[in-house]
Amino acid sequence: MATLNAPHLDYWALSPILVLLAGALIAVLAEAFLPNSLRRTASSALSFGSLIIAFACVLKEQHKTTAHAAIGSVTIDRAGIFLQGTILVLAFLSMVFLVDKDQFVAQASALPGSNEERVSLKAGRFQSEVYSLALFSLSGALLFVVANDFITLFVALELLSLPLYLMVGLSRRRRLLSQEAALKYFLLGALASAIFLFGAALLYGYSGSLTLTGINSSITGSNNNSYLLILGIALVLIGLLFKTGTAPFHSWVPDVYQGAPTPITGFMASVVKVAGFGAFLRIFYVGFDLAVTSWKPLVIGAAVISMFVGAIGTVVQRDGKRILAYSSIAHSGFLILAIVSLTKVTLISTLFYLITYGVATIGIFGAMSLIRDSVGEVGDTNRWAGLSKKSPLLAGVISIFLLSFTGIPLTSGFVAKFNLFTAVFVTGNWWLVLAAVIASAIAAYAYLRIIVQIYLSTTPASSVTVSVPSIATRVTLAITALFTIVIGVAPSLLIDFSNTFQTFIR
Amino acid sequence: MDISNYLYLSAILFTIGIAGVLIRRNAIIVFMSIELMLNAANLAFVTFSRTNGGLDGQVASFFTMVIAACEVVVGLAIIVTIYRTRRSASVDDASLLKR
C-alpha cells in the first residue's frame with residue numbers, strides 16, 4: 001500500500017513570510033472589529049511590529065548556507081536572505097510615510113465630490129486597510145525573491161501585485177487621476193502576468209519540470225534551440241520586464257507613479273523594484289543559464305532601450321513624479337546590465353545598487369510629498385523655484401538624493417554606478433558601459449535642472465508651502481539622506497557586508 | 001486525437017486574448033480577454049502534463065484558477081469604482097494622466 005508522507009516544510013526558513021502574512025490577516029480582523037478611532041493606530045502598530053519580527057527571523061536565518069524549504073519550491077540561500085532583509089528594511093522606511101493621514105482617501109467607495117465623501121472627510125476617517133494591503137504585498141515580495149518553481153513564482157507575483165493595484169487607487173486628492181492609474185496598472189499588470197504564465201507553461205512543456213533547476217538541467221546543447229524554450233523564455237522575460245518597469249514595457253510607469261499616493265509610489269519604486277530584480281536575477285541565473293546565447297540579445301536590447309528612453313524622458317518631463325518615473329526606467333536599464341553578464345561580482349554590485357537606489361528613492365518621494373499648495377502636493381518642478389529660501393533643509397535633502405541619482409562622487413549613487421559599470425566592463429561588454437555612461441549624462445541634465453530651480457531662482461512661487469513633517473518623517477528623511485552620504489564616503493561599510501553574501505544556489 | 005491539437009487551440013485562445021486586449025475598448029471586455037489568456041495557459045499546462053506524464057501541470061492549473069478568481073475580485077473592484085465615478089468603462093475615456 002502506498003504511504004503518504006507529510007511534506008517537510010521547514011517553517012523556520014519560511015518564518016519571515018509567515019509572520020508578515022499573519023500580521024496582515026490580524027490587521028484585516030482589526031479593521032473588521034475595532035472601533036473607528038482605534039483602527040489606524042492598531043493597524044500601523046501591527047504592521048511595524050510584524051516588520052520587526054520578520055526582520056528578526058531573517059537575521060536568525062542569515063547564517064544558513066542552503067536550504068530547500070517547502071519541498072524544493074523555495075530556496076533559502078544567502079542571496080535570497082540578503083534580498084529579503086533589504087526588502088524589509090526598505091519597507092520599514094517607506095511605510096513610515098504611510099502614517100501621513102493626508103495622503104490616503106477617507107473612504108474609497110465614496111464617489112469623488114459626493115456628499116458621502118464630504119461626510120467621511122469631516123468625520124476624520126482614513127482608509128487604514130492600506131497597512132494590511134502593504135503587508136500582503138510585502139509577503140509576496142519576500143516569497144518572490146526566494147521562489148524556485150514557476151507555481152510559487154506566479155503565486156508570489158500575484159500576491160505582490162494585487163494589493164498594489166488597490167493601493168494605487170487610494171489617493172486622498174486628485175482621486176480621478178488615482179483611480180485612472182489603478183485601472184491602467186491593473187489591466188496592464190494582469191496582461192503581463194498572463195504572458196508570464198503562458199511562458200511558464202511553454203517552459204514546462206519543454207522541460208517537463210516546473211522548477212528552475214529542472215528547466216536548466218534539461219537545456220542541452222543539441223536541444224537548446226527548441227522553439228518552446230525560446231518562446232517560453234521570451235514570454236517570461238516580457239512579464240518580468242513589465243513588473244520591473246523596464247522599456248519597452250514601461251508605458252505604465254509614469255502614469256502610475258504620478259497617479260498613486262506619493263508614499264505608495266515610494267513603496268513601488270523601492271520594495272517592488274528590489275523584489276522584481278531579485279526574482280529576475282534568480283530566474284535567469286538559476287533557470288536559464290545554459291540558454292544564455294538565446295536570450296542575451298533580448299536582454300541587451302531591453303537594457304539599451306530602457307537607459308535611453310528613461311534618460312530622454314527625464315529631460316522632457318516637468319512633473320516631479322514623472323521625472324522620477326523615467327529616472328526609474330533608466331535605472332532599470334542599468335540594473336539589467338548585470339543579467340547580461342552574470343558573474344558573482346556583477347550580482348553583488350547589483351544588490352548594492354538596489355539598496356542605495358531604493359533608499360534614495362524612498363527619501364526623495366518622502367521629501368517631495370512635503371511640497372504642497374492649497375489643493376495638495378505640487379508636482380510641477382517649475383513651481384519648486386526658490387524652495388531653498390523657504391526651507392533650506394528640505395532643499396538640501398532633495399539635492400542630496402538628486403546628486404546621488406546623477407552619480408556625483410561622495411554619494412552612494414556614484415559608488416553603486418562605479419561598481420556596476422566596472423563589473424560589466426570587466427566581462428568585456430565595454431560598449432554597454434559606454435551607452436550607460438552616455439545615458440547617465442543625459443539624465444544628469446534633468447536632475448541638475450531641478451537643483452538649479454531650487455537654489456538659483458530668485459522669484460519663489462508664493463502659493464507653494466512646505467508642510468511641517470512629523471517626527472517619524474523627519475527621522476526617516478534624515479536616515480535616508482545620511483545613508484546616501486555615508487555610503488558615498490565610506491562604501492566599504494556596505495560592500496564588505498554584501499560580499500559575504502554568496503550568489504544564488506543552483 | 002493528436003495531442004498537439006490541444007496546443008494549437010491553446011495558442012489560438014492566447015492570441016484571441018491578446019488581440020482582445022489590444023482592440024477592445026471596454027475595460028470589462030479587456031479584462032475578460034486577459035482571463036482568456038490565463039485559461040489558454042491552463043490548457044497548455046494540462047496538455048503538457050499529459051505528454052510529460054507528471055501531475056505538476058495539473059496542479060499549476062488549479063493554482064492559476066484560484067489566482068484568476070482573486071484577480072477578478074480586485075479587477076472588478078477597480079473597474080466598478082471607475083465606472084461609478086465616470087459613468088463609463090471605456091479605457092479610452094480614462095486619459096487624464098498625460099504629460
Side-chain angles (χ1 to χ4, degrees), chain A residues 108-109 111-113 149-152 154-155 157-159 161-163 165-166 168-169 174-177 179-191 193-211 214 228 254-256 258-259 313 316-319 322, chain B residues 7 10-11 13-14 17-18 21-22 27 30-31 33-49 51-54 56-57 59-64 66-68 70-86 89 91 93-99:
Chain A
S109 59
L111 288 184
D149 70 32
F150 271 102
I151 299 181
T152 318
F154 183 62
V155 172
L157 178 67
E158 293 292 290
L159 184 56
S161 315
L162 291 178
Y165 303 147
L166 293 174
V168 166
R174 302 192 177 97
R175 285 186 61 196
L176 283 179
L177 289 186
Q179 290 178 355
E180 183 182 319
L183 180 74
K184 286 180 173 169
Y185 193 23
F186 169 73
L187 287 178
L188 294 174
L191 176 68
S193 304
I195 293 176
F196 179 88
L197 188 73
F198 201 76
L202 295 185
L203 288 171
Y204 173 64
Y206 168 77
S207 68
S209 163
L210 279 166
T211 60
L228 278 181
D255 283 358
V256 173
Q258 190 188 1
V316 295
Q317 295 293 332
R318 285 292 173 271
D319 183 274
R322 286 185 91 89
Chain B
L7 289 181
S10 154
L13 286 178
F14 187 76
I18 290 230
V21 171
L22 295 179
V30 170
F31 186 38
S33 305
I34 294 170
E35 294 294 311
L36 194 62
M37 291 165 68
L38 290 179
N39 285 324
N42 269 349
L43 183 58
F45 267 123
V46 174
T47 312
F48 285 132
S49 189
T51 54
N52 293 329
D56 300 8
V59 174
S61 72
F62 275 113
F63 274 89
T64 313
V66 175
I67 286 183
C70 303
E71 216 169 59
V72 170
V73 173
V74 170
L76 284 186
I78 292 173
I79 295 173
V80 167
T81 318
I82 282 264
Y83 178 75
R84 287 181 59 212
T85 313
R86 296 172 181 268
V91 287
D93 288 349
S95 59
L96 288 171
L97 284 162
K98 289 263 171 71
R99 66 213 74 180

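To find a chain, count down the sequence lines: A is the first, B the second, and so on, and within it residues start at 1.
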Heavy-atom contact with chain B under 4.5 Å, split by part of A:Leu159: neither
Under 4.5 Å from any heavy atom of chain B - which part of A:Ile151: side chain
Passing option when A:Glu158 is tested against B:Val66, B:Thr64, B:Ile67 for side chain to side chain contact (heavy atoms under 4.5 Å, CB included): B:Ile67
How far apart are the closest heavy atoms of A:Leu162 and B:Cys70, and which atoms are they? CD1-CB, 3.8 Å
Smallest separation among heavy atoms of B:Ala41 and A:Ala201, with atom names: O-CB, 3.9 Å
Could you tell me the separation between the [atom1] atom of [X] and the [atom2] atom of [Y], rounded to the nearest 0.5 Å?
X	Y	atom1	atom2	answer
A:Phe198	B:Asn39	CZ	CG	11.5 Å
A:Leu183	B:Tyr83	CG	OH	14.5 Å
B:Asn52	A:Tyr206	CG	OH	12.0 Å
A:Leu176	B:Ile82	CG	CD1	7.5 Å

Can you tell me how the ring of B:Phe45 sits relative to the ring of A:Tyr204, calling it parallel under 30°, perpendicular over 60° and tilted otherwise? tilted
Check whether [X] gets within reach of chain A through its side chain, its backbone, both or neither, counting any heavy atom under 4.5 Å.
X	result
B:Ile78	side chain
B:Ser33	neither
B:Thr85	both

Sort out for me which of A:Val316, A:Asp319, A:Leu210, A:Leu202 touches chain B most, counting heavy-atom pairs under 4.5 Å. A:Leu210
Do A:Leu191 and B:Met37 have side chains that approach each other closer than 4.5 Å (heavy atoms only, starting at C-beta)? yes
Looking at B:Gly53, B:Ser49, B:Ser61, B:Gly54, which one has more heavy-atom pairs under 4.5 Å with chain A than the rest? B:Ser49
